[in-house]
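Report on one structure; see the data block that follows.
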Amino acid sequence: MSTRGAFSSKIGFVAAAAGSAVGLGNIWRFPYEAGQHGGGAFLLVYLICIVLIGYPIMSGEITLGRNTRSNPYRAYHKLGNRNWSLVGIWGIICGIMFLSVYNVVAGWAFGYFIEITFGSLLSIKDFDAHFDASIADVSDNIIYSFAFMFITAVIVSRGIQGGIEKASKILMPLLLLLLLGLIFYSLTLPNAMEGIKYYLVPDFSLINIETIYSALGQAFFSLSLGMGALITYGSYISKKDNIVVSAGLVTITDTLVAFLAGLMIFPLVFSIGQSPAAGPGLVFVTLPVIFQQIGPIAGKIIGSGFFLLLCFAALTSTISLLEIPTTFLVDEKKWPRKRIAWISAIIIFIIGLPSMLSQGAVESLTHFLYYEGQSKSVFDFVFDVFSDIGLPLGGLLMVIFIARKWGMKKFDEELSKGNSNYSGSFMSTFLHITIKWIAPVFLAIIFVVTVLQKFFGIHIF
Ligand code: PHE
């Protein structure tokens, strides 16, 4: 297995895993999910999900990856059996479908970067209408998202993640700085405090089952869980690394960026009198208004910088997503990495086309299905099945696997490597309780409730 490569250091792994985690999920999706599900109420439930479910599952995935030095399929096969390897396969399928849609949104961000930098996006009057029109535009979307997939494939095919790791060490802090700058700016705007209140003061009456499963789905989305991305990355780390600490650093970084994105968006939303529940267009509509207010030249520079960094954050995520099928096929079929990366990228791009065309371009794809009391596009459907439901399902099966099949003893042994104080520590007790009891029970209930409610309209709670 020595030809598989490895991370050069602990920082290398943390940077790459944080790069995978921080992406559109934090800056695009988190604020609009929070805005649709009660602001502070959502934030609170989200944080609970991160601590009790997200962090333990992240530690579990990395541990499985490092112990087996394998892709998700092989990891479950080695430690379990043929049947369990289906869990790995399910993860890989989710990863492929997820990337197919994620890349569409990355294309939107890339388009906004190009249009702000080289076009006249900031002179537009109605950003709402512009967003709707631009996601419905066939040729632009094909070009932008193709370009995005192309860049991803170039990097994965050359196995030059090293360069990306280095670049992200500079660019991620820059993104953070820009977020902080925009937060300070947004706090000076009229009505900013209302936004802050909406975001930070939970209204408990708004917490319902939908808040819970949305927050849970968001936690899996944002932390890159449930599809084996971190089994894959974990397979490349050293036995000297302390997984408890590394997973902690990744979780904290990811949560911090999402939190800051919310802190930036909600004051803006309230100051321009927008609805926080605007949905997927939220950041694409709110931010340009602000860049416009900042002034023609400064606004252009800041706006183009922002969307560039957002694209970069998305790129480190698409790389890790494309790495899932690539590592799988390199390991299992021994085909050349280059060829696999390109073929996978092209196939996944094609799989994404119906989702791309379901944003207004093609009527039958836009109103594809009807459930949850509303019409859903292919885009919504793929995210619902392979993200909101598919990822927590993968997480559920994983904790059952660790606790009941592989065994907590072996799990502890692996975690003790690189962490000699692990056994008997607080963290070991915490991981035992969450992996054996809290996560499986919670995830099983939420899984059943979500499927019944979303697809069959049956409300248990
Ligand atoms: N976590 C990434 C984001 O928040 C998305 C992602 C999920 C990336 C799963 C890799 C694997 O944007």
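Whatever order the structure lists ligands and atoms in, that order sets their numbers, starting from 1. We number each residue from 1, following the sequence as shown.
Evaluated for a ring-ring contact (aromatic ring centres under 6.0 Å, His included) with F379, the options W108, F386, F368 yield exactly one hit, W108. Considering F131, F113, F127, Y32 as possible partners of F284, the one that fulfils the ring-ring contact (aromatic ring centres under 6.0 Å, His included) test is F131.
The nearest protein atom to atom 2 (C) of ligand 1, hydrogens excluded, is given as S20 O, 3.2 Å; this is a heavy-atom distance.
Of all the listed residues (V257, L321, I324, I319), L321 holds the heavy atom that lies closest to atom 11 (C) of ligand 1. Compare S387, S222, A17, S224 by their heavy atoms: the one nearest to atom 9 (C) of ligand 1 is in S224.
Using a 30° and 60° split on the angle between ring planes, F455 and F381 fall in the perpendicular class, above 60°. A tilted orientation is assigned to the rings of W28 and F221, their planes being inclined by 30° to 60°.
Residue A229 has no nitrogen or oxygen atom sitting less than 3.5 Å from a nitrogen or oxygen atom of ligand 1, judged on distance alone. Taking distance alone, with nitrogen or oxygen atoms compared against 3.5 Å, S320 stays at or beyond that limit from ligand 1. Among the atoms of F221, some N or O lies under 3.5 angstrom from an N or O of ligand 1.
Residue contact check: A21 has heavy atoms under 4.0 Å from atoms 1 (N), 2 (C), 3 (C), 4 (O) of ligand 1. Numbered from 1 in the order shown, with element, the atoms of ligand 1 that lie under 4.0 Å from a heavy atom of M227 read 9 (C), 11 (C). Using a 4.0 Å cut-off to heavy atoms of G23, the atoms of ligand 1 that qualify are 3 (C), 4 (O), 12 (O). Every atom of ligand 1 is numbered from 1 in the order shown, and the set under 4.0 Å from a heavy atom of F98 is 5 (C), 6 (C), 7 (C). Listed by number with element, the atoms of ligand 1 under 4.0 Å from a non-hydrogen atom of L24 are 12 (O).
Under the 4.0 Å criterion applied to side-chain N and carboxylate O atoms, K376 and D388 are not assigned as salt-bridge partners.
At least one heavy atom of Y102 sits less than 4.0 Å from an atom of ligand 1.
You'll find the side chain of Y112 reaches within 4.5 Å of the side chain of H130, heavy atoms only. A heavy-atom distance below 4.5 Å is not found between the side chains of M97 and F383.
Between F259 and F30, a ring centre-to-centre spacing not shorter than 6.0 Å is recorded.
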